[in-house]
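Numbering of residues begins at 1 and proceeds along the displayed sequence.
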Amino acid sequence: MRKWVYAAALLMIMTVGGQFAAEHYRYALYDWAIEFETSRADLDRKVVDLDGDAIAYLEGPRRSGQQTMVMLHGFGASKENWLRFAGYLSDRYHVLALDLSGHGENPRYLERSYSVDAQVAFVRRVLEALKVEQAHFVGNSMGGAISSLYAATHPQKVLSVTLISPAGIHEVPSLMDKRLAEGDNPLIATSVSEFFELLDFVMEDKPYIPGPIARVEGEKAVSRVAINRKIFSDLRADMEKGLEQRLKEISVPVFIIWGAQDRAIHVGNIEKYAALIPDAETLVMEEVGHLAMIEQPEASAHAVLEFLASRRS
């Protein structure tokens, strides 16, 4: 019932308030929209205490006998990246979508390490606090590298891993690699207009986002410039060292999804990534960029369900 209440409220704000609402109630509209999408996915926003820090996450119903599925977003993103994707999975799995360290609603400590190893340790502590013993992992980009390393480090805690355009192997250079070499990072927006360019860069099949909501997202991204630069610096140092040896240590089934039009990490790396993992399957999605779970949430979720079903038979 509550999702229809949210929808009605959103419609009223957008139609009755007109331009005034767009300019003066952007944040109210944004909050309503996120709450509506969260409810529609059958998730709830929650926090867990870690040494005095309130760590934010989204959680679906925890039904008896269901396995847990942990979703880890990419660099500069948040748990909300998984909302529409999770909606196709929350009836079959106990879904947890985490804000990673330094991301989303979580505290921003410039003096802290945000390396892949540090993020793995963070995820382990969160799952221990939530009393999750084993889980399937789904990770995008940076979250893919974290999921891979988590599986290599804690194999007894991982049932399977799905990687969506994962970071870690960059043998085939992308457009982003070219721009980074020129001193330009397309993933860090320093203005709202740059945020809109970022959306065009990371997505080929971009979903419709109402203007007021997109502007709020842009303003939030701009507020993160300092912490994003710190996090990216730590991650880039990891990527330059490479994760090849660690990938060979993964012993659970792995499913790798990549967008054919990914400009952030070239799809040409998919076979190299898969070749390093003893038990890996791959899927290239046409007309999709770096964020398959946002661009094609239903198709990518169903692909994950089919992969997991095939491993149960």
task = Taking only Lys NZ, Arg NE, NH1 and NH2, and the carboxylate oxygens of Asp or Glu, determine whether K206 and E295 approach each other closer than 4.0 Å.
result = no

message = With heavy-atom distances below 4.5 Å as the criterion, would you say the side chains of V192 and E219 are in contact?
response = yes

note = Residues passing the ring-ring contact (aromatic ring centres under 6.0 Å, His included) test with F232, sequence neighbours excluded, are F75

ask   = Under a 4.5 Å cut-off applied to non-hydrogen side-chain atoms, are M71 and M293 in contact?
value = no

ask   = Are any of the side-chain nitrogens in E37 or R40 under 4.0 Å away from the carboxylate oxygens of its partner?
value = yes

ask   = How long is the span from the CG atom in N269 to the OG atom in S174, to the nearest 0.5 Å?
value = 8.0 Å

note = Residues at least two apart in sequence or cross-chain that pass ring-ring contact (aromatic ring centres under 6.0 Å, His included) with Y57, listed by chain then number, are none

message = With ring-ring contact (aromatic ring centres under 6.0 Å, His included) as the rule and sequence neighbours excluded, what pairs involving residues 80-102 come up?
response = W82-F85, Y88-H302, Y93-H136

inquiry  = Donor-acceptor pair, distance only, cut-off 3.5 Å: does the side chain of S39 make one with the backbone of E35?
reply    = no

task = First locate atom OG of S251, then atom CD1 of I277, and finally report the distance between them rounded to the nearest 0.5 Å.
result = 11.0 Å

key: Set of ring-ring contact (aromatic ring centres under 6.0 Å, His included) partners for F255, sequence neighbours left out   = F307

query = Thinking salt bridges, do R63 and D42 make one under a 4.0 Å N-O criterion?
reply = yes

key: R263/E204 ion pair, N-O < 4.0 Å   = yes

ask   = Is any side-chain N of the basic residue among K248 and E244 closer than 4.0 Å to the acidic one's carboxylate O?
value = no

request  = Give a yes or no answer on whether the side chain of Y273 reaches the backbone of A167 with a donor-acceptor pair at less than 3.5 Å.
outcome  = yes

request  = Look at E182 together with R179 and state whether they make a salt bridge at an N to O cut-off of under 4.0 Å.
outcome  = no

inquiry  = I want to check something: taking the side chain as every heavy atom from C-beta on, are V70 and L98 in contact at a cut-off of under 4.5 Å?
reply    = yes

message = Can a donor-acceptor pair be found, under 3.5 Å and without considering hydrogens, that links the side chain of S223 to the backbone of K220?
response = yes

Side chain N140, main chain H290, donor-acceptor under 3.5 Å = yes

task = Rounded to the nearest 0.5 Å, what's the gap from CG on D205 to CE on M203? Could you check?
result = 9.5 Å

ask   = Would you say N81's side chain and H73's backbone share a donor-acceptor pair under 3.5 angstrom?
value = no

query = Does anything in residues 275-286 pair up under salt bridge (Lys or Arg N to Asp or Glu O under 4.0 Å), and if so which pairs, sequence neighbours excluded?
reply = D279-R311, E281-R311

request  = Using the test ring-ring contact (aromatic ring centres under 6.0 Å, His included), find all partners of F201 that sit at least two apart in sequence or belong to another chain.
outcome  = none

query = Within the side chain of H154, is there an N or O that forms a donor-acceptor pair under 3.5 Å with the backbone of A152?
reply = no

message = Any side-chain to backbone donor/acceptor pair from Q261 onto E287? Under 3.5 Å, distance only.
response = yes

